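Read the structure below first, then the notes.
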Amino acid sequence: MNDQPISPLTANNVDAFRRDGAVCLRGCFADWVDLLREGVAVNEAEPGPHVEDAAGGAGRFFGDYCNWQRIKQYEDFIRNSQLAPIAAALMGSPVVRMFHEHVLIKEPGTAKRTPWHHDLPYYNVQGEQTVSLWIALDEVDRETAVEFVAGSHLWGKLFYPRKFLTERDYDYKGTGYESLPDIEADRSAYDILGWAMAPGDAVAFSYRTLHGAAPNRSTRRRRGFSVRVLGEDARYAVRPGETSPPQGDIGLADGEALDEAHFPTIWRA
């Protein structure tokens, strides 16, 4: 278990994360970029069962997740970098549990955008102490960066999950979930955050924060490696339909504490 006690965050970083639901952390994983690129190359060559690999105009949109325990570079990063102490400081939690990792690659010329969504409705977890860290493995222009609706994590809403490739909503009708507003059609109505990023920069955001990304019209690959973790207040959630990642019946009831077998502790204060 990673028991490093020191987080390189400032109080301003933590305040921004809790106020806006997203914050850019400069250079915090610069020393790990080469290792993560190696892991992504392994992942592309040997994709897992959840891979999505689609052409997008002249490019390609590759996504895969839940491979961290079979790709040694991923596990090394997750267990031995400053990721867990950073997440603990952002969440205000004395415990950090691993949920899953997710790699997303947009090759140059990929016309497919990542639709606006927030992550919590996809997941079989609930709680306020949640954070994803999206780590840039390439230079990212502001025009191709992941964008966030500032403050949307505080709206108290759950929007229908949406499939990335088809942009069709999951069949959660009649469950209390809501239709996502058309953010792209009225961008000026929202405080939209986004950052140009260098390799090793990261964006940390809540599972409740609305986010999306434009097509990659640059001449560079856009490889992003995300790690999703959970804090002390996280509990299991039974969703009304399909989830991503598919969880299946793992023997936990709605609202029950998470177990080590499926949500291992990777850091403890």
Side-chain angles (χ1 to χ4, degrees), residues 1-29 32 65-66 68 74-75 77-102 117-136 146 148-158 193 195 200-211 224-237 243 245 247 252 254-260 262-269:
M1 186 186 300
N2 185 341
D3 59 358
Q4 299 180 66
I6 299 171
S7 165
L9 298 186
T10 68
N12 285 341
N13 294 148
V14 176
D15 289 346
F17 173 77
R18 296 180 185 178
R19 179 189 67 237
D20 298 332
V23 62
C24 187
L25 308 174
R26 298 294 185 187
C28 54
F29 300 117
W32 293 88
Y65 52 26
C66 298
W68 71 278
Y74 290 178
E75 185 164 13
F77 172 74
I78 288 164
R79 293 196 182 276
N80 297 309
S81 74
Q82 286 286 309
L83 178 138
I86 287 171
L90 291 169
M91 295 187 295
S93 173
V95 173
V96 178
R97 288 183 177 272
M98 183 64 187
F99 186 20
H100 68 91
E101 96 300 330
H102 194 173
H117 67 287
H118 60 176
D119 292 336
L120 191 63
Y122 292 80
Y123 295 163
N124 282 109
V125 293
Q126 55 189 310
E128 298 304 316
Q129 293 174 327
T130 67
V131 64
S132 292
L133 287 114
W134 191 101
I135 301 154
V146 184
F148 304 87
V149 177
S152 55
H153 64 307
L154 303 176
W155 291 358
K157 297 176 181 290
L158 288 178
L193 305 176
W195 299 272
D201 291 350
V203 178
F205 58 99
S206 164
Y207 292 3
R208 290 182 176 271
T209 306
L210 291 173
H211 57 286
F225 182 77
S226 291
V227 181
R228 331 278 194 202
V229 297
L230 299 152
E232 187 177 41
D233 77 346
R235 296 292 183 268
Y236 191 71
T243 62
Q247 194 71 70
L252 295 177
D254 190 66
E256 191 171 351
L258 304 181
D259 63 3
E260 288 293 323
H262 299 95
F263 306 92
T265 300
I266 57 171
W267 186 89
R268 189 180 297 275

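The figures that follow rest on heavy atoms only: side chains count, while hydrogens, waters and symmetry mates do not. Note that this is a predicted model, so its numbers are computed, not measured.
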| message | Can you confirm whether the side chains of Glu260 and Thr265 place a donor and an acceptor under 3.5 Å from each other? | response | yes

| query | How far does OG1 of Thr10 sit from CG of Asp15, to the nearest 0.5 angstrom? | reply | 8.0 Å

| request: Kindly compute the distance separating OG (Ser81) from CG (Leu133), expressed to the nearest 0.5 Å. | output: 9.0 Å

| field | Donor-acceptor contact below 3.5 Å, side chain Glu101 vs main chain Cys66 | value | yes

| request: State the CG-CH2 distance between Asn80 and Trp32, to the nearest 0.5 angstrom. | output: 5.5 Å

| field | Gap separating the CD atom of Glu75 from the CH2 atom of Trp68, nearest 0.5 angstrom | value | 5.5 Å

| Hey, does the side chain of Ser93 reach the backbone of Ala88 with a donor-acceptor pair shorter than 3.5 angstrom? | no

| task | Walk me through it: do Phe17 and Val131 pass the test side chain to side chain contact (heavy atoms under 4.5 Å, CB included)? | result | CA-CA 10 Å; Phe17 173 77; Val131 64; 3.8 Å; yes

| field | Residues Glu232, Arg97; criterion salt bridge (charged side-chain N to carboxylate O under 4.0 Å, His left out); working and verdict | value | CA-CA 8 Å; Glu232 187 177 41; Arg97 288 183 177 272; over 6 Å; no

| query | Val125 and Phe99: side chain to side chain contact (heavy atoms under 4.5 Å, CB included), yes or no, with the steps? | reply | CA-CA 9 Å; Val125 293; Phe99 186 20; 4.1 Å; yes

| request: Identify, with sequence neighbours excluded, every residue that meets side chain to side chain contact (heavy atoms under 4.5 Å, CB included) alongside Arg19. | output: Ala16

| query | Are His211 and His117 linked by a side-chain donor-acceptor pair shorter than 3.5 Å? | reply | yes

| task | Return the orientation label for the Tyr74 and Phe225 ring planes: parallel under 30°, perpendicular over 60°, tilted otherwise. | result | tilted

| task | Can you measure from CD1 (Ile86) to CE (Met91) and round to the nearest 0.5 angstrom? | result | 11.5 Å

| task | Could you label the plane-to-plane angle of the Phe77 and Phe29 rings as parallel, tilted or perpendicular, counting under 30° as parallel and over 60° as perpendicular? | result | perpendicular

| request: May I have the step-by-step check of side chain to side chain contact (heavy atoms under 4.5 Å, CB included) for Asp201 and Trp134, ending in yes or no? | output: CA-CA 8 Å; Asp201 291 350; Trp134 191 101; over 6 Å; no

| Taking atom CE of Met98 and atom CD1 of Ile78, what is their separation to the nearest 0.5 Å? | 3.5 Å

| task | List the steps, then state whether side chain to side chain contact (heavy atoms under 4.5 Å, CB included) holds for Leu193 with Val203. | result | CA-CA 11 Å; Leu193 305 176; Val203 178; over 6 Å; no

| query | Using a distance-only test with no angle check, is there a side-chain donor-acceptor pair under 3.5 angstrom linking Arg228 and Tyr65? | reply | no

| Any side-chain heavy-atom pair of Thr209 and Val149 under 4.5 Å | no

| Is the His100-Tyr123 ring centre distance short of 6.0 angstrom? | yes

